[in-house]
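All residue numbers refer to positions in the sequence shown, counting from 1.
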Amino acid sequence: MVAQVSRQPLAAQAAQLLLTRIKDGEWPLGQRLPGETTLAAQLGVGRSTLREAIRELAGKGVLDSRQGAGVFVTALDVTDDWDTVLRSANVASVIEARIAIEAEGAALAATRRTPADLRTIRRTLAARGVTGQSVPEHVDADMAFHRAVITAAHNDVLTQLFDAFLPRLRLAMIDMLKIRPIKSEPCDHALHQQLADAIAARDPDAAAAASRTHLSTLKESFS
């Protein structure tokens, strides 16, 4: 028997019931939902309430209402906001995501960087190599370098994704480095230099490889 709405607010209840049925696999990704009349009857609500529920789920990225075609499933659950996701993620998972983002970003930077981008990369590289920095100062300088690389890719989505990781990663890096300092700062800085050199040489393969190598080494530090 199909569950029906039993209490207010009707639209929110209808949206929750629809989401539950989607999560239970009744309508797979890309599937068209039944027509308004059928679906409204199943849920025990009017068509206007159903439309409001569909609008709510569409706003959350779960449904897509296509003019003349119907309503389609575009996600199987409501995605948590970035803050919630990152708070619950372990640092290794965050670094793995950084590898995916930054390796591609480095390759794009090698192809798209401007002279101004390269100057910023070199300036931030020099700043992260200054001796005598406190741990927070070093981490901030390091983050500034990596952001300069991402910015040089000239892809706003990649930049925004990187910025979403910054607060979570910054605190984790500070905590780790206070307990377990970098084994060889010259070697670590050399990896960053390789990345900058590859971007300067417009070598996307070398840039991606340098980024991946550095971040994989960083991930091992947290294991």
Distance (rounded to the nearest 0.5 Å) between [X] [atom1] and [Y] [atom2]:
X    : Y    : atom1 : atom2 : answer
D197 : I121 : CG    : CD1   : 11.0 Å
Q193 : L195 : CD    : CG    : 9.5 Å
D142 : Q133 : CG    : CD    : 9.5 Å
S216 : L191 : OG    : CG    : 10.5 Å
L218 : I95  : CG    : CD1   : 4.0 Å
L108 : H154 : CG    : NE2   : 10.5 Å

For [Y], does its backbone N or O pair with a side-chain atom of [X] as donor and acceptor, under 3.5 Å?
X    : Y    : value
R55  : S65  : no
T151 : R147 : yes
R66  : F72  : no
R112 : A153 : yes
E137 : S134 : yes
R113 : A200 : yes

Within the structure provided, determine whether [X] and [Y] are in side-chain contact (heavy-atom separation under 4.5 Å).
X    : Y    : result
L215 : E96  : no
I150 : L161 : no
R128 : D188 : yes
L125 : H189 : yes
L39  : R21  : yes
I22  : L63  : yes

> Angle class for the H192/H146 ring planes (parallel below 30°, perpendicular above 60°, tilted otherwise)?
Replying inline: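 Perpendicular.
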What are the two closest heavy atoms between [X] and [Y], and how far apart are they?
X    : Y    : result
P28  : V73  : O-CB, 3.6 Å
A106 : A208 : CB-N, 4.3 Å
R32  : A69  : NE-O, 2.8 Å
A207 : A110 : CB-CB, 4.1 Å
A148 : T124 : CB-OG1, 3.8 Å

>> Set out, in order, the CA-CA distance, both residues' side-chain angles and the distance that settles side chain to side chain contact (heavy atoms under 4.5 Å, CB included) for L166 and M143, then state yes or no.
In response: CA-CA 8 Å; L166 272 180; M143 293 294 100; 3.3 Å; yes
>> Would you say CZ of R51 has more than 12 non-hydrogen atoms from neighbouring residues, nucleotides or ligands within 6.0 angstrom?
In response: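 Buried by this count: over 12 neighbours within 6.0 Å.
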> Only one of V71, T38, L50 forms a side chain to side chain contact (heavy atoms under 4.5 Å, CB included) with L33, so which one is it?
Replying inline: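 That would be V71; it is the only one of V71, T38, L50 passing the side chain to side chain contact (heavy atoms under 4.5 Å, CB included) with L33.
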>> Looking only at side-chain N and O atoms, does D117 offer a donor or acceptor that is under 3.5 Å from a partner on T120?
In response: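 T120 vs D117: no donor-acceptor pair found between side chains.
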>> Evaluate D156 against Q160 for side chain to side chain donor-acceptor pair (under 3.5 Å), listing each step before the verdict.
In response: CA-CA 6 Å; D156 290 342; Q160 289 181 38; 5.6 Å; no
